[in-house]
Each structure stands twice: as structure tokens, then as C-alpha cells.
Amino acid sequence: MVDPPRIAYRAWTESFGRLFVTTPYQFAHNAFADALQTTFAHLNDGEESGVMVNVAGRVMLLRRQGKLAFATMRDSSGEVQLFALAAVTEGFEDFAKLHLGDWVGVSGEVVRTKRGELSVKVTSWVRLAEALHNFGDKWAGITDYDLRYRHREADLWANPVTRTSLSRRSEVVRSVRERCWAADFVEVETPILNAIASGSDARPFATHHNALDSDFYLRIAPELWLKRLVVGGFERVFELGRVFRNEGVSPRHNPEFTMLELYAAYWNYSDMMDFTEELVAGVAMDVLGTTEVEYQGRPFSFATPWPRRTMAELTSEAVGEDVSVHTPHERLTAMLAERGVEVHRAWGPGRCLAELFEAACESELWNPIYVTDFPVEISPLARRHQTDSDLTERFESYAVGRELSNGFSELIDPLDQRVRFEDQARLAAEGEPETMHIDEDYIKALEWGLPPTAGLGLGIDRLVMLIADESNIREVIAFPTLKPLSD
RNA sequence: GCGCCGGUAGCUCAAUUGGCAGAGCAUUUGACUCUUAAUCAACAGGUUCCGGGUUCAAGUCCCGGCCGGCGCACCA
């Protein structure tokens with residue numbers, strides 16, 4: 001990006017001294033724009049309140065009218081007009097020459113102009129900082145995605161919806177945390193640097209610790225650590241944190257994203273479904289005050305209870321014939337081939353059923369729904385189903401055609417866990433790139449005894465997308481991952 | 001990683017069949033005592049993403065690259 005000539009000129013000549021000499025280090029701020037609009041709503045046109053305030057913010061618009069000047073100032077709460085008069089305002093000429101985007105601190109009386117705009121009549125003011133770049137087009141803001149994402153600080157001023165969506169994120173995180181605390185979950189932190197990246201099927205980022213002369217991987221999930229804390233006696237734990245997956249970037253995938261993971265001793269997956277739907281619907285109530293919203297122009301409801309349907313049921317309905325993990329393998333692969341899915345030779349019936357589900361059902365699931373009873377083949381950390389050992393007590397919730405959460409009755413048997421890891425290793429040997437590695441420390445932890453426990457993983461970014469009605473994950477991440485510019 | 005689309009002034013966008021690179025806003029200068037995306041006047045502002053090629057002539061056509069958007073794949 002090339003700076004406009006005026007910037008180089010200002011920076012190197014006239015403003016060099018002022019930047020260092022006259023810019024204050026502090027401002028005695030005591031009022032916000034939004035509160036002023038409310039508090040002084042009763043002021044009549046042309047009326048003066050007699051109340052002096054100190055406000056601060058950025059000059060967004062500036063309209064000079066001879067010996068008067070009107071500026072629209074925005075702070076974190078909203079906007080209020082600044083009304084400057086040559087006869088009243090100290091340094092009026094300089095005020096009228098402020099740049100759009102400059103930060104100002106203003107002292108003055110709260111008044112309403114003859115034309116009805118609530119204003120701070122400026123008696124004294126100071127420029128707190130100068131904006132050397134503008135904040136986009138007055139009408140259109142900034143539309144260039146590259147500029148918006150690489151310089152979110154400018155986007156936030158140019159496009160108010162950006163501020164709204166990122167604020168929603170903050171409110172969602174706060175609500176999630178408070179609801180977990182209220183349910184007696186203890187917030188914990190587990191390692192991001194791991195010798196083995198486990199807990200999910202994903203390619204990790206690799207790094208190296210110099211002093212230990214060891215390779216480490218950024219976590220792809222905190223799952224195994226959290227269950228070790230349950231073994232250690234923390235009966236209800238959660239972690240709200242960043243995980244890293246070295247995979248494709250898309251409107252629904254960022255290489256680093258935020259996940260809630262939560263484990264409750266003595267619960268099974270049904271209990272966890274109860275908790276999850278109440279959590280998500282509760283967050284919607286906390287942030288939006290309703291469970292009934294529109295997502296991308298289509299009605300969407302967070303309302304509980306969410307339907308619970310097995311993967312086999314949903315898939316059977318979608319394909320028009322009864323299928324399950326016990327359907328002959330050849331039949332499943334044939335049906336996948338009909339749908340254009342390339343079948344990997346390492347896929348057993350469980351994986352095939354899951355693939356068939358994804359191809360036939362997933363994108364159709366609009367309102368929240370639990371898909372339950374996943375094949376054991378694709379669920380190496382989930383406990384086998386009590387009535388069918390080829391299935392697990394696992395659920396995923398889907399909303400607007402995407403996975404939102406994943407949970408299960410945790411596999412607590414160290415012997416079975418070893419078998420599952422070994423099955424994964426066998427898949428790796430057959431060329432499947434993303435499988436779990438055997439984690440001996442984790443198996444040893446299970447050998448100390450994990451009580452019956454249910455776990456949950458919930459994608460916070462995806463939840464925020466629903467709440468904020470955003471279709472691109474980058475709109476709910478302040479600084480999404482972008483390719484660095486090469487120069 | 002693959003496919004499609006895009007990149008022109010600080011920002012938002014034009015530019016006919018390949019024929020002098022333009023506008024609005026911002027910036028600079030001036031006018032204006034109640035403006036509301038103020039208005040009016042004037043000045044200035046360009047490596048048309050980068051590198052090649054075709055052509056009398058390339059923002060426009062061709063090849064390669066960079067960055068981005070969308071879709072697919074992977075995945076949450």
C-alpha cells in the first residue's frame with residue numbers, strides 16, 4: 001500500500017514536531033456519546049443544558065460553515081455532534097482543519113442545535129492523535145476484503161457491522177464461560193505445545209524447542225489432557241481455547257480457531273446432549289434475547305429440545321433404503337460411487353456409512369439436530385454403544401448444514417483404547433493421512449481409572465457465525481489467517 | 001491442493017471493438033454563522049498487482065507469477 005503524498009509530506013515536515021510536542025498523554029474523559037443522547041433526549045431544539053462534559057473519540061465527518069463547524073464524533077458507544085464556533089471555540093481555525101479520523105478530546109456544554117442535533121458545544125479541544133490514513137469512502141466504507149482483513153483496525157471504523165460481529169463474539173464467549181461456571185465446571189488450561197498432536201484427526205503445525213532439542217506440535221484438540229484432569233479428580237472441567245489445524249482455509253475454516261471442550265464425570269452422551277442444547281440456546285438468549293433468528297435470510301431456531309436421530313436413520317431416509325453399519329460393504333461403496341464419492345481402500349463399513357451420511361444428509365440439516373450413534377471405526381475415543389459394539393455413544397450437532405459440536409460417552413477402557421489407537425495406526429499404514437497416533441501416556445492415564453464421563457467439543461467461531469448472522473468465519477475473527485505479502 | 005471470478009488514484013468505482021486513464025469522496029487551497037454522507041469553486045493526485053509476449057497501439061488479448069473472493073477437497 002502506497003501512502004498518499006500528503007502523508008509523507010506531513011510526516012516529514014510540518015507535523016513532525018507537533019506529534020512529539022503537543023500530543024497529550026492523557027485526557028480527562030467523563031462522558032460517552034450514547035449516554036449523552038439518552039440523558040439529554042429531552043433538550044429542545046436550540047436549548048442549552050448548562051452541563052459541561054469531556055468527550056473523546058474520532059472525527060468521522062466534518063462540515064465547516066464559515067465561522068461555524070460541525071463534526072460527527074464517534075466513540076465506543078456511538079456518535080455525537082461537536083459544534084464549534086469561532087466566537088466560542090479555542091483554536092477554531094485548527095478545529096475546522098481536523099482530518100477525518102483524527103482522535104479528539106473535547107470539553108464543552110451539551111446543547112441541541114437549532115436544527116435539532118444533540119451536540120457538545122466545543123469550548124476547548126485537543127487533538128489526541130492524528131490519522132495519517134483515511135478510513136475508506138464516506139459512502140461505501142472499505143469493501144476490499146484484503147484491506148479489511150489485513151487492517152481490521154480501519155475496517156472497524158469504516159464498516160460498523162464489523163464492530164457488531166466482533167462484539168457478538170465477545171458476548172458469546174462471556175456467556176459460554178458464565179454458563180459453564182454456573183454449572184460447576186472448572187476452567188483449566190492445557191498445553192498447546194505437544195509431543196504428539198492427538199484428540200482429533202487433523203494435520204498439526206510443527207515447531208521445535210531449541211533448549212529441549214525436541215519437535216513439538218501445536219494442539220489440534222485439548223481432549224486427552226482434559227480427560228487426564230478428570231482422572232485426577234476434577235469432575236467437571238472445561239477449556240475455552242485456540243486449537244490449530246494445518247488444513248485448508250475456507251469461509252468456514254481458519255487454521256486457528258476457538259473451541260470449547262468440556263468434560264463431566266458420571267454423565268453419558270445423552271446427559272451431554274441435554275447440556276449442550278441448553279448451553280447454545282442459553283447463549284442465544286443471553287446475546288440476542290431470543291432463540292428465533294434469521295440466518296442469511298432464512299429463519300433459524302435455537303429452541304430446545306433438538307431432535308435426536310441416529311446416523312443410520314437419517315441416512316436411510318435420505319437414500320431411500322435401509323442402511324447401517326451392518327449393510328454389506330459392497331452395497332455401501334456402490335451407493336457412494338453413485339454419489340460421486342471416491343472410496344478409499346482403507347474405508348470399512350463404518351467410514352462408508354459416515355461418508356454416505358455426509359454426502360446425502362449433512363447439508364440439508366438446517367435447524368439444530370443431533371446426529372447420534374456414530375460407527376466405532378471413525379470414533380477412536382468414544383465408548384462403544386451398549387446395544388451395538390460397532391457403534392459408539394457419540395453425537396454431533398448440526399446447524400445450517402454444518403457441524404457445530406461433537407460429543408460422546410468417553411471411552412474409559414485402556415485396553416479398548418489401545419485397540420482403537422492400533423486400528424488408527426493401521427489406517428495410517430494404508431495411506432490415510434489424518435489419523436490418531438498412539439499416545440502411551442494417555443493410555444497409562446486411563447489405567448489409573450477414568451470414571452464414566454461425557455465430553456463435548458463445540459466450535460465457538462461457528463456458534464458466533466450463527467449468532468452474528470455471518471457466513472464467513474473471517475468476519476467473526478478479528479485477525480484471520482492470511483497469506484503474508486511476499487515483499 | 002484443484003476450478004471459476006477478481007485486482008484501475010488514499011477509498012468506492014467507470015473506461016464501448018485493442019485507440020489520449022476518468023468520476024465521486026478523501027487530501028490541499030478558497031467561499032460560507034445551524035450543518036446532517038453539507039454545499040460551491042479551484043489545484044493536485046496513476047508502476048492500471050508483478051514479469052514476459054502479441055500489436056502501429058494493451059487497463060483491455062496471450063503466457064507465467066502474486067494476493068484475494070467463491071466453489072470443491074480436507075475438516076470443525
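Naming: A, B, ... by sequence-line order, numbering from 1 per chain.
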> Take A/A71 and A/L98, find for each the nucleotide of RNA chain B with the closest heavy atom, and name the residue whose nucleotide sits nearer the 5' end.
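In this pair, the answer is A/L98.
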
> What is the pairing partner of B/C43, taking Watson-Crick or G-U wobble pairs with both distances under 3.5 Å in any strand?
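The answer is none; no pair meets the criterion.
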
> Whether the side chain of A/D137 and the base of B/G24 hold a donor-acceptor pair under 3.5 Å is what I'd like checked.
yes

> According to the Watson-Crick and G-U wobble definitions, with both distances under 3.5 Å, which nucleotide is paired to B/U54?
none

> Where the side chain of A/A140 is defined as all heavy atoms beyond and including C-beta, which of B/U33, B/U12, B/A76 is the nearest nucleotide?
B/U12

> Look at all strands and tell whether A/L68 reaches a base, only sugar-phosphate, or nothing, counting heavy atoms closer than 4.0 Å.
base

> Once you round it to whole Å, what is the distance between P of B/C70 and CD1 of A/I473?
12 Å

> Heavy atoms only, 4.0 Å cut-off, all strands: where does A/Y145 land among base, sugar-phosphate and nothing?
sugar-phosphate

> So what does A/K114 hit on the nucleic acid, given a heavy-atom distance under 4.0 Å: a base, only sugar-phosphate, or nothing?
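Here A/K114 touches the bases of the nucleic acid.
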
> Whole angstroms only, please: what is the CG-P distance between A/D144 and B/C67?
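Going from CG in A/D144 over to P in B/C67 covers 15 Å.
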
> I need the CG-P distance between A/L61 and B/A38, as an integer number of Å.
4 Å

> Strictly below 4.0 Å: does A/R150 bring a side-chain N or O up to OP1 or OP2 of B/G68?
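Yes, A/R150 has a side-chain N/O under 4.0 Å of OP1/OP2 on B/G68.
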
> Rounded to the Å, how far apart are A/R203 CZ and B/A73 C1'?
12 Å

> State whether A/S200 places a side-chain N or O below 4.0 Å from either non-bridging phosphate oxygen (OP1 or OP2) of B/A76.
yes

> Mind checking who B/A21 pairs with, Watson-Crick or G-U wobble, both distances under 3.5 Å?
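Across any shown strand, B/A21 pairs with none.
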
> Considering only B/C67, B/U28, B/A76, which nucleotide approaches the side chain of A/R462 most closely?
B/A76

> Is the ring of A/F70 stacked on the base of B/A38, with centres less than 5.5 Å apart and planes under 30° off?
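A stacking contact does not exist, since A/F70 is not both close and nearly parallel to the base ring of B/A38.
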
> Determine the interatomic distance between P on B/C62 and the same-named atom on B/C25; round to the nearest Å.
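Per the computed distance, 36 Å lies between those P atoms.
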
> Would A/R127 and A/W103 count as a cation-pi pair here, with the cationic atom under 6.0 angstrom from the ring centre and within 45° of the axis?
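The answer is no, since A/R127 fails at least one limit relative to A/W103.
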
> May I ask you to check whether over 12 heavy atoms, not counting those of A/R339, lie within 6.0 Å of atom CZ?
yes

> If we call it a pair only when both distances are under 3.5 Å in a Watson-Crick or G-U wobble match, what pairs with B/A14?
none

> Taking B/U48 as the reference, what is the distance to B/G10 when you measure between their P atoms (whole Å, please)?
12 Å

> With respect to the phosphate group of B/A26, does any side-chain polar atom (N or O) of A/H133 fall under 4.0 Å of OP1 or OP2?
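Indeed not, no polar side-chain atom of A/H133 lies that close.
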
> Kindly compute the distance separating CG (A/L62) from NZ (A/K97), expressed to the nearest 0.5 Å.
12.0 Å

> Which pairs with one or both residues in residues 76-95 of chain A pass side chain to side chain donor-acceptor pair (under 3.5 Å), sequence neighbours excluded?
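Pairs touching residues 76-95 of chain A that pass the test: A/R63-A/Q81, A/R64-A/E93, A/R74-A/E79, A/D75-A/S77, A/Q81-A/S119.
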
> Could you state the NE2-P distance from A/H344 to B/A73, rounded to the nearest angstrom?
16 Å

> Please indicate whether A/F40 has more than 12 foreign heavy atoms, meaning atoms of other residues, nucleotides or ligands, lying under 6.0 Å from its CZ.
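Atom CZ in A/F40 is packed in, count exceeds 12.
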
> Paired with B/C2: which nucleotide, if any, by Watson-Crick or G-U wobble criteria at under 3.5 Å for both distances?
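Because both required distances fall under 3.5 Å, B/C2 counts as paired with B/G71.
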
> Under 4.0 Å between any heavy atoms, over every strand shown, what does A/T143 touch: base, sugar-phosphate, or nothing? Just pick one.
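Counting heavy atoms under 4.0 Å across all strands, the contact made by A/T143 is with sugar-phosphate only.
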
> Between B/G24 and B/A42, how far apart are the two P atoms, rounded to whole Å?
10 Å

> Expressed as a whole number of Å, how far does the P atom of B/G3 sit from that of B/C63?
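Approximately 13 Å lies between the P atom of B/G3 and that of B/C63.
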
> To the nearest Å, how far apart are A/E362 CD and B/C74 P?
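Those two atoms, CD and P, are 11 Å apart.
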
> Taking only the P atom of each, what is the distance from B/G18 to B/C72 in whole angstrom?
34 Å

> What distance, rounded to whole Å, do you find between the two C1' atoms, one in B/G53 and one in B/A14?
28 Å

> Say we look at B/C49 and B/C2: how far apart would their P atoms be, to the nearest angstrom?
24 Å

> Would you indicate, yes or no, if B/A38 has its OP1 or OP2 atom less than 4.0 angstrom from a side-chain nitrogen or oxygen of A/R64?
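Indeed not, no polar side-chain atom of A/R64 lies that close.
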
> Just verifying a value: how many Å separate A/L118 CG and A/F83 CZ, rounded to the nearest 0.5 Å?
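Going from the CG atom of A/L118 to the CZ atom of A/F83 covers 12.5 Å.
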
> What contact category does A/G136 fall into here, base, sugar-phosphate, or nothing, at under 4.0 angstrom with non-hydrogen atoms?
sugar-phosphate

> At less than 4.0 Å, is any side-chain N or O atom of A/R252 found next to OP1 or OP2 of B/G71? Yes or no.
yes

> May I ask you to say what A/G101 touches in the nucleic acid, namely base, sugar-phosphate or nothing, with a heavy-atom cut-off under 4.0 Å?
nothing

> Any side-chain heavy atom of A/R309 within less than 4.5 Å of one from A/F395?
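No, every pair of side-chain atoms sits at 4.5 Å or beyond.
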
> A/N134 has a side chain; which of B/A26, B/U36, B/U12 sits nearest to it?
B/A26

> Stacking between A/W139 and B/G24, defined as ring centres under 5.5 angstrom apart with planes under 30°, is that present or not?
no

> Phosphate oxygens OP1/OP2 of B/G71: is one of them under 4.0 Å from a side-chain N or O of A/S250?
no

> Describe the nucleic acid contact of A/F83 in one word from base, sugar-phosphate, nothing, applying a heavy-atom distance below 4.0 Å.
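Counting heavy atoms under 4.0 Å across all strands, the contact made by A/F83 includes a base.
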
> Check this one for me: any side-chain N or O of A/K97 less than 4.0 Å away from OP1 or OP2 of B/U28?
no

> If we only count heavy atoms from C-beta on, is the A/L61 to A/M73 side-chain gap below 4.5 Å?
no

> Name the nucleic acid region contacted by A/Q81, choosing base, sugar-phosphate or nothing; use a 4.0 angstrom heavy-atom cut-off, strictly under.
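Base: the residue A/Q81, judged by heavy atoms under 4.0 Å, touches a nucleobase.
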
> Specify whether A/Y370 and A/W306 have parallel, tilted or perpendicular ring planes, treating 30° as the upper limit for parallel and 60° as the lower limit for perpendicular.
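A/Y370 and A/W306: tilted rings.
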
> How many whole angstroms separate atom CH2 of A/W157 from atom C1' of B/G10?
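Spelled out: CH2 on A/W157 to C1' on B/G10 is 19 Å.
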
> Got a donor-acceptor pair under 3.5 Å from the side chain of A/D146 to the base of B/G68?
no

> Please tell me which of the listed nucleotides, B/U36, B/A26, B/U33, lies nearest to the side chain of A/Q65?
B/U33

> Just the rounded figure in Å: distance from P of B/G7 to CG of A/L482.
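It is 19 Å, rounded to the nearest whole Å.
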
> So, is A/N472 close to the B/C70 phosphate, meaning a side-chain N or O under 4.0 Å from OP1 or OP2?
yes

> Which part of the nucleic acid does A/N254 contact within heavy-atom distance under 4.0 Å: base, sugar-phosphate only, or nothing?
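Contact class for A/N254: base.
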
> Partner of B/U36 by Watson-Crick or G-U wobble geometry, both contacts under 3.5 Å, or none?
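Base partner found: none.
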
> If we take the P atom in both B/C43 and B/G65, what is their distance in whole Å?
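One P to the other, the span is 45 Å.
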
> What nucleic acid atoms does A/G459 come within less than 4.0 Å of, heavy atoms only: base, sugar-phosphate, or nothing?
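No contact.
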
> Listed by chain and number, what are the side-chain hydrogen bond (donor to acceptor under 3.5 Å, both in side chains) partners of A/K138, not counting sequence neighbours?
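Per chain and number, A/K138 pairs via side-chain hydrogen bond (donor to acceptor under 3.5 Å, both in side chains) with no residue.
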
